[in-house]
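Read the structure below first, then the notes.
Both ligands and their constituent atoms are indexed starting at 1 by order of listing. If you read the sequence from its start, that first residue is 1, and numbering goes on from there.
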Amino acid sequence: MKLIVLSDLHLTTPGEAIIGIAPWARLEQALDHAQAQHPDAARYVLLGDVTHDAPPGSYERLAAQLADLPVPVTMVPGNHDDRAALRAAFPDHPVCAGGFLQSLIDTPTHRLVFLDTLAERPEPRHAGILCPARLDWFARALDGANGRAVVVFMHHPPLAVGFPGMDRIGVANAEDFWALARGRVAHLVLGHIHRTISGAWQGTGFTVLKSITHQSPMKMDSTSSALSVAEPGAYGIVLLRPGGVVVHSDDFTLSDTGPVHSDPRSL
Ligand SMILES: [Fe+2]
């Protein structure tokens, strides 16, 4: 199974750009590119910060834009989203008890777990949280995996990636997540940082995907969480295979910039 993952869309009021990038145009470009390159994708995932502070009508406009996709879309919210507004525009999207955007998808080999880390009154601002109700649902999702490899999709990383400014605003109670997840999750697919990062944490592999719009600069000495750079936009391609999971990142804004060469000296 192949999934296309779009993270940190930051959809603004139409016409409003972020560091010169128009998020709605980027979304259209990403969807056109992904549909052309990956007609075999079984599902699209929007990995939070779907909008930039939920401008009025933005989720409805998104619903209209996604209506032509031939496959289903699963969403989790990010710190810039409004859960109630998102749910109102996507009334058929599954939620768990308490109204959180947490859902499950099972394949014969994998259990995909989508977690909602949006905090209502985060401390510090923009941090994520997994409250007791969400953790309880997660525990039951793990218990029901039945030998399937668990892949968790969530916006905020439950780990420190090495950017001090962003590490302050990950999942505030990450230790509660790991108390459940340790040794039971094959891979995490994450957003929020706006940069491609991979590794393993407490024995679980993880991939942080870039934004489709603006990125974080490679400044590991910065304590700011408000730095952005117009590096290429990307989306993720997740391949679920019987042996595990593979995550690609495609800088779709670059891929039309030159011909593909065939040269026996390469690769
Ligand atoms: Fe973001």
Just so I know, are the side chains of P70 and Q35 near enough to count as touching, which here means a heavy-atom distance under 4.5 Å? yes
Is M1 close to T109 at the side-chain level, that is, under 4.5 Å between some pair of heavy atoms? no
Ignoring waters, protein N/O/S atoms under 2.8 Å from the Fe ion (ligand 1) are D8 OD1, H10 NE2, D49 OD2, H194 NE2
Please list, one pair per line, the donor and acceptor atoms closer than 3.5 Å that link side chains of residues 60-68 to other protein atoms, with sequence neighbours excluded.
none

Aromatic contact between H194 and H10, with the criterion being ring centroids under 6.0 Å apart: yes or no? yes
Without swapping roles, check the side chain of D8 against the backbone of H192 for a donor-acceptor pair under 3.5 Å. yes
Kindly indicate whether the side chain of F114, heavy atoms from C-beta on, has any atom under 4.5 Å from the side chain of M154. no
